[in-house]
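The block underneath contains the structure these notes are about, expressed in structure tokens.
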Amino acid sequence: MKDVELKMLERAKALLESGEVARVIGWKKGDFCHDPSPASFESVEELDSFVYDYFCGANLSKYLIQMSKKEGKTAVFLKPCDSYSFNQLVKEHRIKRENVYVIAVECLGKLDIEKIKAKGVSFVTGVEVQDKEVKVTTPYGEEVLSKPDVVLTKCATCNKTHQVKDEEIILHERPERDVNRFEEVEKLEAMTEDERFAYWRAQLSKCIRCNACRNVCPACSCVKCVFDNPASGIAAKANDDKFEEQLFHIIRAFHVAGRCTDCGECSRVCPQNIPLHLLNRKFIKDIDGLYGEYQAGETDEGKTPLTSYTEGDAEPNDVFKGEAK
Amino acid sequence: MTNEERVENINRLSGTDVRKCMKCGKCSGRCPAFKDMDIKPHQFVTKLGKGQIEELLESKSIWNCLSCMACVERCPRGVAPAAVIEAVRDTVVRMQGKNGIKAEEIPPIVDELIPQQLLVSAYRKYNK
Amino acid sequence: MQEVTTEKKEFTPNIVAFCCNWCSYAGADLAGSSRLTYPANVKIIRVPCSCRVNPTFVLKAFQQGADGVILCGCHPGDCHYVTGNYYTRRRMALLYSFLNYMGIEKERTRVEWVSAAEGARFSAVMNDFVAQVTALGENKRLTDLRVKEGE
Amino acid sequence: MQRIGVFICWCGSNIAATVDVEKVAEVIKSEPGVVYSANYQYMCSENGQQLIKQAIKEHNLTGIVVGACSPRMHEATFRKAAEAAGLNPYMVEIANIREHCSWIHKDMDEATEKAVILVRTAIAKVKLNAPLTAGESPVVKRALVIGGGIAGIQAALDIADAGFEVDIVEKNATIGGRMAQIDKTFPTLDCSACILTPKMVDCAQHEKIDILSYSEVEDVKGFVGNFSVTIRRKARYVDETKCTGCKICMEKCPSKKGLNTFNMGLNTRPAIHIPFAQAIPNVAVIDAEQCIKFKTGKCGICQKFCGVGAIDYEQKDSFIERQYGAIVVATGFKPIELTAFNEYGYADNKDVITSLELERLMNAAGPTNGVLLRPSDGQHPKVITFIQCVGSRDTSGCGKPYCSKICCMYTAKHAMLIREKYPDTEVHVFYIDVRTPGKNYDEFYRRAVEQYGVDYIKGMVGKVYNENGKLMVQGSNLIDNEQITIESDLVVLAAAIEPEPSVRKIATLLTASIDTNNFLTESHAKLRPVESPTAGVYLAGVCQGPKDIPETVSQASACAAKVIGLLAKDKLKTNPCVATPDETMCNGCSQCANVCAYGAITYVEKEFRLGGGKTEIRRVASVNPAVCQGCGACTVTCPSGAMDLKGFSSKQIMSEVDAICKK
Amino acid sequence: MLKIAKERLNELYAKISETMGLFIPVNYAGEVNYKVWKEGAEVSLETLKTVKSPKNMFFPQTENMMKFKTEGKNIEIIDVRKDYKEEKPFVLFGVKACDYKAIEVLDKVFLAEPVDTYYQSRREATTIVTLACSKPEESCFCGVFGIDATAPQGDVTTWLDGEYLYWQANTEKGEALTALITALTEEGGEETVAGQRETTKAVLENLPFAKLDLSRFTPENLNDLFEAKEWEEMSEACLGCGTCTFVCPTCQCFDIRDFKTNEGVIRYRCWDSCMYSDFTLMAHGNSRTTQMQRFRQRFMHKLVYYPSQNDGLYSCVGCGRCVNKCPQRLNIVKVVKTLGGKKDD
């Protein structure tokens, strides 16, 4: 990973020095080894704090909505999953593609500090990742954890590949994996209505309506969200009533249906760890099943499943047929 | 059983809506057993509609209907005269206390020479 | 507040029906002019096309205490606006499947295509849907308790 | 502050019998915003409208709700009344308390309670209504008539006579349609050709009429007043401008075994042919599937013999695009396929024919030169049996549930003509009912029975079978309660008629509604019987429902009157209930344009103030109100809710939902 | 000092619940938050930081203020807040030192005139049982604000180790509660507690943020801090979500909204976040138009504005929730470090 970071730094410096780009979007060191923040770097000096490590899970594509409007080109480092969001935003005319220089960077899966802490390991000062193991350094010694246990949820079932690049920095190939990202959705589908209701009630009752899921979501890029717009008739900030969270999460999932690239940021940022990605994945799974496989963000043009149709589409009343009750 | 109940019962057994009949007579026009019927297929439908079932219950036609279903097949309105006849027949059989035939009773009485259709018809006839 | 004690009466669901102006609303009119009855707890909202119905409206109805929501439009292929109901079909298929995924009873939601000529069908569909929702009982999972807060 | 007026209509006893209208009006008085509430026997009457107008003026009403019949019926009436009183017509909402309430509920309390809720719902909506102003769009002063049968011909002539350009698009090589195939017409027994062909010639000679024969409508864009239609001119391989109709090619053509479709396949014709003697245009057409030149590349005899060099084997389908202000659909009918009715043995016996085939057999220009000879052996049939309602009034799934309307009369005509021409012929008619409403119709039928001795048998035929070369027609005689078998030489089936199948495609192109039997739906069964719900599209002839020639001609002329009325205007008011984006919220994501069937949405870059002196350029949607039809598909696609629909705004619909749910 | 065997804690909870409401950290659907204790609840006192702070108990995320009951054209206004009285006393159990300090911050807002009757009534009805920290983590920095995590205040202070919960009543309310549960207690534990405090203090002193320097955050420096160019860069990655605000134990802003019901309208208040774009939206427009301004507001308020009006009391207690929960890892520590500096440097 260090070699990748050095290479990225080298490229960022070169691009800024040559004036080819006015800024580089990447990650900046935090106070610990596990809290880098997204940041833009406008000079070589600023790059001192540049970092790319196993905790750079944030999706940078959404920042480009504003950045690509600025004077001069913006270089951005995109992980495979981020590249789908980028394409989708280009498709929706939200990012000016010509103003962006995309550097595809290697990603072998990012780590989730909360999951590491949940293993009882605190005061993490460093990590070293080898294949399927994560060696964690703390002032009290070293701990070895299984990597699949501590990667971000979004990374656990990711098989995404770079969809857009002006250049790439990939030093280690990520092996193809045999994963089923719909496994959790299927489990829920196999439950009874009552069980599903109980499950989602419990999960959504934790929601504090902080809007982190919405604000981080690259598909939720509305100039003004309906939930912030008093004229929409559904604007609300309240959370305590059981309906509000449902309304919010259902509408949000519907609004991003067919556009959600499954980047998983919603679940990453949820302070209550609500598995929000399972809402979006249900839509993705249904779309795949009913209208043919579709991956949002695979290209930067074309219609989404909800803005297209075929004459022989499934009937709404029939979608439940042949399904467990 | 009152007459009314009996009418209702025949309606139910036949599974047909006699009000759909537009009195074209195509059933009787097609019936191969027409000449042997004292009450004609179309009359079964109209008389049931009027609730005049005494005549039907006494009719010879119920024993002469071949259950060939030609009338059902040909009816432009989806009415099933044969089903009405059958329902009347069943009613009569029940009134005689002979209620039904069981599947397991069939094999011993089967004669190889009996046409298959008769068996099917008989089964349908006696098993309601 | 005083009438609480008398509230022993049978559950009659409140049904919101969204009908497109060209087919289903006309179908409902035809049901009316043909005197084909259906329960009075079905109330129709006229929309130009079934594709005008935002999932928000459906949720809003449930929030406000509706027990069932039915959406009626022209038969696919017959949309007055050419393709409107094709989009409706996809949206509602996904929405209803999703609501069920969240544990909302699938019997509470329905989409029916009713043409202007199908007054009888409109009536039959409404009778059937009301019976279905009645059997299901009150909408408790997707209603906003504040709405029903009696004072 | 809103000042709402509510007007509850009794509709005579239609509403008042099940809804306590006075109570509704009383209860509604206490609704917030309502300042006036009244009830009246007939709100749509002159007096009722006067009541509304007066109340608007006296009480300074800002919006009104009329609790009455369906808005599809009288919304326009009440809007006009409001406008006359100085209120914006779009400040009117209708609560449908008749079709959706009084007519379907029996219990007075229940219906009254529902009526109150429906009125409240309308009040909730009208409070959020905004005054709307209709836009204007220009009218192209040219009409398109689809179908060149008697309906299309009559409509075209009437429109052209009023001074407007008309194009007739006919998919066959000649205009004339079904009427050209008919021998005589009831109830006067006029020769069909004698009255039709002069009209065909009129069309051809009319300076305002352009006949596009052998052509089909390929695409329709636009809207009332401004349709843009693409027409496919099918390759006929004969230059229409050169062909003189001399028919030499027909004589010389070596491939003469093509079925003559004009004669219902009862005889043959050459590959290159003119459908019939009086065809308009009188121009030949080559059947490429039959033509030797097309099949083998050799032959070319017609080209050799054509004196004017009109034959062009290289001709391809061509497309023309024309603008029209109005469209008349007159696509006509065809008899249904009889394959599902094997009891009549149509497929197995040459001498079981349809009535339309009989027309050709009796026509002087037909395959037998007007001598009635049976198809199997060319002998005079001595016993002829007619069977009525073949596939009509049939709900079993084989046929059509409706009455085809014309069969009773043409069968009487056939029976009469046969008995007159061949008095030695025995004619039997099996019927279920004889339906003869119409001027001189029943007299006509009775003449067949009384004067010509036609044997009408009340009953239906169960089967037709061939026994020793005779057709045995077995049916019931319900009057005698007998089953009878008639030994016949010829059996004529009165096959049901159905809309010409191509109407489906046309309906889709025009976004015109169609019913389950493929008949085009009229805008109102009684009050707007010739208009399609799609503005600017009119219906003439059987495409709208079974009808005979006089009715068809009347409807065609009615269509023409409507079209003339439309084309006489220079500008049309456009529907103001169109989509409109709130640019401050629009993301410019293009999702809405993806679902717009009319291409009404485009995008523009606009500068927005951000506050703090900053500005931002954003891509935002822009709707062309003349093109937008107001379906609302875009509004749901828009995640930010920037797109809304005037007259059916999200807030309005949500307020209706609230009002309905409020107990 | 009293002690209660760990295995008898459920009895303790049950006992308290008999007469009072008991709010306690409970693991529900995978996350630990304060909830009403019920038989079978998965209590998690060991959890250092509940996701939401206990401020929720006095100042719920959503609560009704008044109702407008409409009937026809009549509107009846019902002020549900005016004479509000919490009927049942309740116990807030397991409050950490930082969260307890946060209640002091909230008191200054809600108990000052005009008094928030809801808040006051609930405060009065509550007995607070605090719990000393024994395992602080790297994001903790309560010490910076002079808080002793090993000996929190409250009506009762408790300490927990592997075997016992040690119990010391500090106030009358605390004594009353103690009287209620004496049957479960035994004497002793002073030494154990003293030992635990020593060990923990050593950890606290060496926490990475222990030496944050707040000295620059004074009213005198207000303008300099306000104009600091670093805000732009610090706020660049901010998503404008309300996570930091809603997990913060001291944030107390709320919005007032209306909700339509079958009966009329409910006017309620709900937590708001100064990070939201519509936070300062008024009829004339919005006085804060950029996320930088909103970001700056939040930290200026915590570190400068609030202390300047409240005798130097910071409106941050160093609980570190925002450090853990910010989606993009922005937080008050980064602000303090950027604009303040470290004591040692």
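The sequence lines fix the lettering, A, B, ..., with proteins before strands; numbering per chain opens at 1.
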Beyond-backbone contact of C:Lys43 with C:Asn14, side-chain heavy atoms, under 4.5 angstrom
yes

Closest-packed option against chain D by number of heavy-atom pairs under 4.5 Å, given C:Ala116, C:Cys74, C:Ala28, C:Ala31
C:Ala28

Part of D:Asn14 lying under 4.5 Å from any heavy atom of chain C
side chain

Verdict with reasoning, C:Phe122 to C:Tyr38, per ring pair (Phe, Tyr, Trp, His ring centres under 6.0 Å):
CA-CA 9 Å; C:Phe122 185 87; C:Tyr38 52 88; 5.4 Å; yes

Honestly, the part of C:Tyr25 sitting under 4.5 Å from a heavy atom of chain D is both

Segment of D:Leu510 engaging chain C (4.5 angstrom heavy-atom cut-off):
neither

Heavy-atom proximity to chain C below 4.5 Å, by part of D:Ser102:
neither

Under 4.5 Å heavy-atom distance to chain D, tell me which part of C:Val53 shows up: side chain, backbone, both or neither.
backbone

What I want to check is whether the side chains of D:Gln544 and D:Glu522 have a donor and an acceptor closer together than 3.5 Å.
yes

Flag the pair D:Glu75 and C:Arg46 as a salt bridge only when some basic side-chain nitrogen lies within less than 4.0 angstrom of an acidic carboxylate oxygen.
yes

Tell me the ring pair (Phe, Tyr, Trp, His ring centres under 6.0 Å) pairs involving residues 630-657 of chain D, sequence neighbours left out?
none

Given a strict heavy-atom distance threshold of 4.5 Å, which part of C:Asn85 is in contact with chain D: side chain, backbone, both, or neither?
neither

Checking heavy atoms, do the side chain of C:Arg91, its backbone, both or neither come under 4.5 Å from chain D?
side chain

Option from D:Ile104, D:Val24, D:Val19 for which side chain to side chain contact (heavy atoms under 4.5 Å, CB included) with D:Lys114 holds:
D:Ile104

